[in-house]
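We're numbering straight along the sequence, starting at 1. Because the structure is a prediction, the values reported are computed rather than measured.
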Amino acid sequence: MIIEPRTRGFICLTAHPKGCEQNVINQIEYVKSKGEIDGAKKVLVIGASTGFGLASRITSAFGSNASTIGVFLEKAPSAGRPASPGWYNSAAFEQQAHKAGLYAKSINGDAFSNEIKQQTIDMIKEDLGQVDLVIYSLASPVRTNPNTGKRHKSVLKPIGDVFTNKTVDFHTGNVSEVTIQPATEDDIANTVEVMGGEDWDMWITAMKEAGVLAQDFQTYAYSYIGPKLTEPVYRKGTIGAAKDDLEATAFKITEKSADLNGKAIVSVNKALVTQASSAIPVIPLYISLLYKIMKADGIHEGCIEQIQRLYADRIYGADLQLDDKGRVRIDDWEMREDVQAEVDKLWAIATTENLNEIGDLKGYSDDFFNLFGFKVDGVDYAADVDEVVAIPSIG
Ligand code: NAD
Ligand code: NA
């Protein structure tokens with residue numbers, strides 16, 4: 001079929017297999033161009049199909065020749081109905097990995113469930129014995145807690161006060177004011193249930209008990225901080241409460257893993273266009289200004305550049321350069337004083353009329369469409385493609 005983007009708000013209902021494949025190939029080429037990383041050889045990535053998790057899987061496989069198992073929740077294609085982009089990404093990743101002689105298998109299902117954890121553990125036991133690195137990169141709006149059977153929904157709201165600020169509709173470029181009512185106590189608790197650290201802890205505990213974590217294993221989860229500007233809706237909002245919980249969980253896991261000398265660490269990553277971040281009000285305007293400034297300074301990075309640098313310079317490099325809360329700060333360039341001062345200046349004057357000029361709205365929009373395999377260089381969108389693509393080693 002001929003597949004075109006069909007957007008509804010901040011989601012796109014279709015995805016293009018060839019565009020997704022090309023994105024994966026581009027990321028692989030980038031990692032290879034940066035040279036070998038002396039990293040883990042057996043890696044589990046939870047949330048492996050898009051964004052930072054996909055970039056982690058690619059960096060492990062093509063930077064360190066690692067065997068990888070990827071867990072994700074994606075929609076399979078059927079005749080006339082394209083898959084979700086993470087499905088096509090994973091199909092392309094496995095094809096490329098297998099071609100390079102690398103072990104790569106995938107599990108498509110709810111990572112929050114006991115069943116998928118058990119299935120993953122069984123796969124590790126059977127095929128790899130143990131893993132040395134576990135990347136935890138889930139981003140989800142809902143979670144069913146397997147212990148209680150209760151389904152929780154996360155929200156993106158400020159805590160305490162009403163928050164009013166500028167935002168942009170990145171499809172139209174229309175800058176407007178958005179007002180968000182503060183969260184209830186339940187909202188906060190639910191968001192921590194979904195995006196906090198409990199599930200990360202459950203994974204590591206189950207893996208430890210099953211004996212599938214190697215001596216000296218490491219596990220990383222990803223967090224975000226961002227500027228004062230977005231604090232009310234991000235770091236000091238409901239999602240920030242969840243990130244506080246995630247960050248505290250790192251210390252708990254490390255403590256519990258002393259017998260294996262295991263370490264759990266959070267990496268604070270840069271703001272980027274992903275399916276998760278497009279849904280957060282105010283953030284798209286911030287990102288479009290940030291992109292413009294960072295591109296002009298030659299310090300712009302996407303997910304793959306971020307994760308390649310995280311692995312090469314920090315995790316397997318000379319020094320993790322942990323901050324006073326024990327976190328890796330690969331958001332260091334975003335948070336540079338000169339960059340943030342420039343964002344503040346542009347934020348104050350940003351309007352519908354000038355945003356195209358002072359911000360990188362096109363960069364934002366292109367990145368958004370790229371997530372779904374659209375507007376990717378070198379792809380013939382007029383050509384008929386087979387929407388039914390299989391992931392070779394899916395469990
Ligand atoms: P993403 O939406 O691109 O990726 C989410 C992944 O989780 C996908 O692989 C998806 O399939 C998987 N997933 C979701 N629900 C699942 C479930 N129930 N079971 C199994 N898999 C499931 O998101 P992302 O932006 O790469 O976010 C990953 C992490 O990075 C998050 O913790 C996020 O907060 C963090 N982070 C994001 C940004 C940003 O700007 N995007 C910045 C810093 C940190
Ligand atoms: Na991810």
Residue pair Gly53 / Val45: nearest heavy atoms and the distance that separates them: O-CG1, 3.5 Å
Salt-bridge contact Arg309-Asp313 (side-chain N to carboxylate O under 4.0 Å): no
Val388-Ile391 co-clustered via ILVMFWY side chain contacts under 4.5 Å: no
Flag for Ser106-Glu94: side-chain donor and acceptor within less than 3.5 Å: yes
Pair Lys263 + Asp216: basic N to acidic O under 4.0 Å: no
Nearest heavy-atom neighbours spanning Ala271 and Tyr291: O-CE1, 4.2 Å
From CA spacing to verdict: salt bridge (charged side-chain N to carboxylate O under 4.0 Å, His left out), Asp386, Lys18: CA-CA 9 Å; Asp386 195 349; Lys18 291 286 171 207; over 6 Å; no
Salt-bridge present (Arg235, Glu247; N to O < 4.0 Å): yes
Asp297 versus Trp333, side-chain donor and acceptor atoms under 3.5 Å: no
Donor + acceptor pair across side chains of Asn269, Ser267 (<3.5 Å): yes
Main-chain N/O of Asp201 paired with Thr249 side-chain donor or acceptor, under 3.5 Å: no
Pair Lys41 + Asp132, salt bridge at N-O below 4.0 Å: no
Verdict with reasoning, Leu246 to Lys243, per side-chain contact (heavy atoms from CB on, under 4.5 Å): CA-CA 5 Å; Leu246 181 82; Lys243 290 302 186 190; 4.1 Å; yes
ILVMFWY network linking Val131 to Val71, side-chain heavy atoms under 4.5 angstrom: yes
Polar contact flag, side-chain donor to acceptor under 3.5 angstrom, Gln308-Thr59: no
Trace of the side-chain contact (heavy atoms from CB on, under 4.5 Å) decision for Asn370 with Phe374: CA-CA 5 Å; Asn370 284 174; Phe374 296 109; over 6 Å; no
Short side-chain to backbone donor-acceptor contact, Ser154 and Thr191, under 3.5 Å: no
Closest heavy-atom pair and its distance - Ser223, Val266: CB-CG1, 3.5 Å
Steps toward side-chain contact (heavy atoms from CB on, under 4.5 Å) verdict (Tyr30, Asn26): CA-CA 6 Å; Tyr30 176 78; Asn26 292 347; over 6 Å; no
Exam field: side chain Gln130 to backbone Gly211, donor-acceptor pair closer than 3.5 Å: yes
N/O donor-acceptor pair under 3.5 Å between Tyr88 side chain and Ala83 backbone: yes
Atom of Val379, atom of Gly19 and distance for their closest heavy-atom approach: CG2-CA, 3.9 Å
Reference residue Tyr364; test ring-ring contact (aromatic ring centres under 6.0 Å, His included); the match among Phe10, Phe369, Phe170: Phe170
Lys105 with Asp127: basic N within carboxylate O range, under 4.0 Å: yes
Residues forming a ring-ring contact (aromatic ring centres under 6.0 Å, His included) with Tyr316, sequence neighbours excluded: Tyr311
Salt bridge flag under 4.0 Å for residues Asp186 and Lys153: no
Electrostatic pair Glu255-Lys252, nearest N-O below 4.0 angstrom: no
Verdict with supporting geometry, Lys117 and Glu209, salt bridge (charged side-chain N to carboxylate O under 4.0 Å, His left out): CA-CA 12 Å; Lys117 289 182 177 73; Glu209 277 168 10; over 6 Å; no
Hydrophobic cluster identity match, Ile265 and Met202, side-chain contacts under 4.5 Å: no
Test side-chain contact (heavy atoms from CB on, under 4.5 Å) applied to Leu44 and Met207, step by step: CA-CA 11 Å; Leu44 170 66; Met207 292 178 74; 3.7 Å; yes
Intermediate values then yes/no, salt bridge (charged side-chain N to carboxylate O under 4.0 Å, His left out), Asp259 and Lys208: CA-CA 10 Å; Asp259 53 336; Lys208 237 183 128 243; 3.2 Å; yes
Residue list, side-chain hydrogen bond (donor to acceptor under 3.5 Å, both in side chains) with Thr120, at least two apart or on another chain: none
Closest non-hydrogen atom pair between Ala210 and Lys125, with its separation: O-CE, 3.3 Å
Short side-chain to backbone donor-acceptor contact, Asn145 and Gly149, under 3.5 Å: no
Pairwise side-chain contact, Val268 with Tyr222, heavy-atom cut-off 4.5 Å (strictly under): no
Short side-chain to backbone donor-acceptor contact, Asp360 and Gly363, under 3.5 Å: yes
Expected output: side-chain Asn190 to main-chain Val194 donor-acceptor under 3.5 Å: no
Carboxylate-amine/guanidinium proximity below 4.0 Å for Asp331 and Lys270: no
Basic-acidic side-chain contact under 4.0 Å: Lys325, Asp323: no
Close side-chain approach of Phe72 to Thr50, heavy-atom, < 4.5 Å: no
Closest contact, heavy atoms only, Ala15 versus Ile3: O-CG2, 3.4 Å
Polar side-chain atom of Ser84 near backbone of Lys75 as donor-acceptor pair, under 3.5 Å: yes
Short N-O contact, Glu177 and Lys166, less than 4.0 angstrom: no
Donor-acceptor contact below 3.5 Å, side chain Asp187 vs main chain Thr184: yes
Criterion salt bridge (charged side-chain N to carboxylate O under 4.0 Å, His left out) on Glu198 and Arg143, from CA distance to verdict: CA-CA 11 Å; Glu198 187 182 33; Arg143 169 178 174 232; 3.1 Å; yes
Cys303 and Leu54, any side-chain heavy atoms less than 4.5 Å apart: no
Flag, side chain of Ser137 to backbone of Phe52, donor-acceptor distance under 3.5 Å: no
Shared hydrophobic cluster, Ile299 / Tyr224 (ILVMFWY, side-chain heavy atoms < 4.5 Å): yes
Aromatic ring pairing Tyr136/Trp200, orientation class (parallel under 30°, perpendicular over 60°, tilted between): parallel
